[in-house]
Amino acid sequence: GAGVSQSPRYKVAKRGQDVALRCDPISGHVSLFWYQQALGQGPEFLTYFQNEAQLDKSGLPSDRFFAERPEGSVSTLKIQRTQQEDSAVYLCASSDRRGYEQYFGPGTRLTVT
Amino acid sequence: GQQLNQSPQSMFIQEGEDVSMNCTSSSIFNTWLWYKQDPGEGPVLLIALYKAGELTSNGRLTAQFGITRKDSFLNISASIPSDVGIYFCAGRSSNTGKLIFGQGTTLQVKP
């Protein structure tokens, strides 16, 4: 079956531009997570949705980062006024109601110039 | 951010050798997960562990959930070239869905 998909796979933005990253979770998965992965590091948690409710946004690094999942399926991570330190791979993961096993998408590599 | 201590950082081994890597934490976790990540791809789930002391196998991979709930290890037996990649451990606490990841172990296999 289809796994988690993310688009775009690569995004180059000039400093100060806004970007929107999309995640399509595995069908039927109620939980959706966003992680940020810097080069050579493990993923770091950003935010978590259960259906359309954002239950944890403790990992969002600043108020320039905003995530939504309005219908409990597709999610969008938006970064406003991008900075060079935002350059990273943004990973989306989904899991079923138990939430124990998270399945990741291929990621979006964001480069801010 | 908080990360687990994963070791070794990298390994360069001969094809056919066994590999062992481990992860430790100062916090207790209720679930341990092991992932493999290839360049340009997302992490792929290898093994999930749910109980302290649990030993689980997936083909040539074996992982254990430490008794203290603060550590886990992953063994790969009879390594092959396609085992090359970065292996990550991840811990999950009970009151939040988020995973805390280790820094990764880079495995290279010489044919």
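When reading the values below, keep in mind they use all heavy atoms of this one structure, side chains included, and skip hydrogens, waters and symmetry mates. So you know, we letter chains A, B, ... as the sequences are listed, proteins then strands, and number each from 1. Since the structure is predicted, the reported quantities are computational estimates derived from the model, not experimental observations.
Applying the 6.0 Å contact sphere to CD of A/Gln83 captures more than 12 heavy atoms from other residues, nucleotides or ligands. For A/Arg9, the CZ atom counts as densely surrounded, since its 6.0 Å shell holds more than 12 non-hydrogen atoms of other residues, nucleotides or ligands. Atom OH of A/Tyr100 has 12 or fewer neighbouring heavy atoms from other residues, nucleotides or ligands inside a 6.0 Å radius. Taking a 6.0 Å sphere around CD of A/Glu71, one finds it holds 12 or fewer heavy atoms contributed by other residues, nucleotides or ligands.
Looking only at side-chain heavy atoms (C-beta outward), A/Phe45 and B/Phe101 stay at 4.5 Å or farther from each other.
Only the side chain of A/Phe33 comes within less than 4.5 Å of a heavy atom of chain B; its backbone N, CA, C and O stay farther away. Using a 4.5 Å cut-off between heavy atoms, A/Ser58 touches chain B through its side chain atoms alone. Proximity to chain B (any heavy atom under 4.5 Å) is shown, for A/Gln50, by neither the backbone nor the side chain. When heavy atoms are compared at a cutoff of 4.5 Å, B/Gln37 approaches chain A solely by way of its side chain, counted from C-beta outward. For B/Leu99, the parts sitting under 4.5 Å from any heavy atom of chain A are the backbone and the side chain alike.
Considering every non-hydrogen atom in both A/Gln37 and B/Phe88, the closest pair reads NE2-CZ, 3.6 Å. When all heavy atoms of A/Leu91 and B/Gly42 are compared, the closest pair comes out as CD2-CA, 4.0 Å.
Between chain B and the residues A/Ser31, A/Gly107, A/Pro106, the largest count of heavy-atom pairs under 4.5 Å involves A/Pro106. Ranked by heavy-atom pairs under 4.5 Å with chain A, the list B/Thr31, B/Leu45, B/Leu33 is led by B/Leu45.
Within the 3.5 Å criterion, the main-chain N or O of B/Gly40 finds no donor-acceptor partner in the side chain of A/Arg109. The backbone N or O of B/Gly97 lies less than 3.5 Å from a partner atom in the side chain of A/Gln102, making a donor-acceptor pair.
B/Ile100 and B/Ile47 fall within the same hydrophobic cluster, where Ile, Leu, Val, Met, Phe, Trp and Tyr residues are linked whenever their side-chain heavy atoms come under 4.5 Å apart, directly or through other members. Cluster membership for A/Val4 and A/Val89, using ILVMFWY side-chain heavy atoms within less than 4.5 angstrom, is shared. The hydrophobic clustering, which links ILVMFWY residues whose side-chain heavy atoms are closer than 4.5 Å, places B/Val109 and B/Met11 together. Criterion: ILVMFWY side-chain heavy atoms under 4.5 Å apart, direct or through other members. Under it, A/Phe65 and A/Tyr48 are not part of a common hydrophobic cluster. Hydrophobic clustering keeps A/Phe49 apart from A/Tyr35 (ILVMFWY residues linked when any side-chain heavy atoms are closer than 4.5 Å, directly or through intermediates).
B/Tyr35 and A/Phe104 have their aromatic ring centers within a separation under 6.0 angstrom.
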